[in-house]
Amino acid sequence: ETGVTQTPRHLVMGMTNKKSLKCEQHLGHNAMYWYKQSAKKPLELMFVYNFKEQTENNSVPSRFSPECPNSSHLFLHLHTLQPEDSALYLCASTTSQGNRNEKLFFGSGTQLSVL
Amino acid sequence: DQQVKQNSPSLSVQEGRISILNCDYTNSMFDYFLWYKKYPAEGPTFLISISSIKDKNEDGRFTVFLNKSAKHLSLHIVPSQPGDSAVYFCAASALISGYALNFGKGTSLLVTP
């Protein structure tokens, strides 16, 4: 248990569905991240929230919509996804963004399949 | 454009021998490097890091070497154990980009008994 919990672990959705991924961290961190891991590709940073403010949006399509209501919770709202969005979505947290020696703590991820 | 490259998708090593995982980078602004380890159905976990002011960092069986002139780093695991079988990700960061991590694609290590 890394202290970062993601739900659901697996999600299958159609292209017209709307779903949300949830991440919760119990580590007292102030920065939270969404990463995408597609098959045979590096982990791609999607969004960063630092003290509940979005500090980075890495050119992510608008069909992905993040929400950070507080420092412990992070959501990724999904709508009208494409099959190529099928991937492992990883949440991570750290004490605060921008510190060299900070290590990211990752959740186990949500394996998303878009049909 | 991929700035961190792990050119070996997989590696198989016998238990007790040395495992060497390689990583190359292209961005000369990177000044902090990390290795993460990932088991199936789990998220990556931090393993070891090295700052660009050093050329070696050791933690138990794990040693990371950094060659700045070649823009190359490697992770040595000695001796390798079956429990080390996992995917290893190299990551790099730079002050100029707020230390956002750039990851490689990963190398899958299999340690056989």
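Throughout, a chain's letter reflects where its sequence line sits, starting with A, and its residues are numbered from 1. Quick caveat: nothing in here was measured; it's all calculated off a predicted structure.
- Transitive grouping of hydrophobic side chains (ILVMFWY, heavy atoms separated by less than 4.5 Å) brings B/Val87 and A/Phe106 into a common cluster.
- Residue A/Val4 is not grouped with residue A/Tyr49 when hydrophobic side chains (ILVMFWY) are merged at heavy-atom distances under 4.5 angstrom, including chains of intermediate members.
- We find the CZ-CZ distance between A/Phe105 and B/Phe46 to be 9.0 Å, quoted to the nearest 0.5 Å.
- For B/Gln2, the part lying under 4.5 angstrom from a heavy atom of chain A is the side chain only.
- The contact between A/Leu45 and chain B is made entirely by side chain atoms (from C-beta outward), counting heavy-atom distances below 4.5 Å.
- Under the 4.5 Å side-chain heavy-atom criterion for ILVMFWY residues, a single connected hydrophobic cluster contains both A/Tyr33 and A/Leu88.
- Smallest separation of non-hydrogen atoms from A/Leu43 and B/Pro44: CD2-CG, 4.4 Å.
- Environment of CZ in B/Arg17: sparse, with no more than 12 heavy atoms of neighbouring residues, nucleotides or ligands closer than 6.0 Å.
- Counting non-hydrogen atoms of neighbouring residues, nucleotides and ligands closer than 6.0 angstrom, the NZ atom of B/Lys68 exceeds 12 such neighbours.
- For B/Ala100, the part sitting under 4.5 Å from any heavy atom of chain A is the side chain, from C-beta outward, and nothing else.
- One distance of note links NZ of A/Lys103 with CD1 of B/Ile48; it measures 10.5 Å at 0.5 Å rounding.
- For the atom pair A/Gln37 CD and B/Lys105 NZ, the distance stands at 12.0 Å (nearest 0.5 Å).
- Proximity to chain A is limited to the side chain of B/Lys38, based on heavy atoms less than 4.5 angstrom apart.
- Residue A/Tyr35 touches chain B through its side chain alone, counting heavy-atom pairs closer than 4.5 Å.
- Between A/Ser108 and B/Ala41, the shortest heavy-atom contact is CB-O, 3.8 Å.
- Follow the hydrophobic side-chain contacts under 4.5 Å out from B/Val78 and you reach B/Ile20 in the same cluster.
- Residue A/Leu104 touches chain B through both its backbone and its side chain, counting heavy-atom pairs closer than 4.5 Å.
- The same ILVMFWY cluster, assembled from side-chain heavy atoms under 4.5 Å apart, contains both A/Leu11 and A/Phe64.
- Proximity to chain A (any heavy atom under 4.5 Å) is restricted, for B/Phe89, to the side chain, taken from C-beta onward.
- Listed here is the closest heavy atom pair of A/Pro42 and B/Phe103: CB-O, 3.1 Å.
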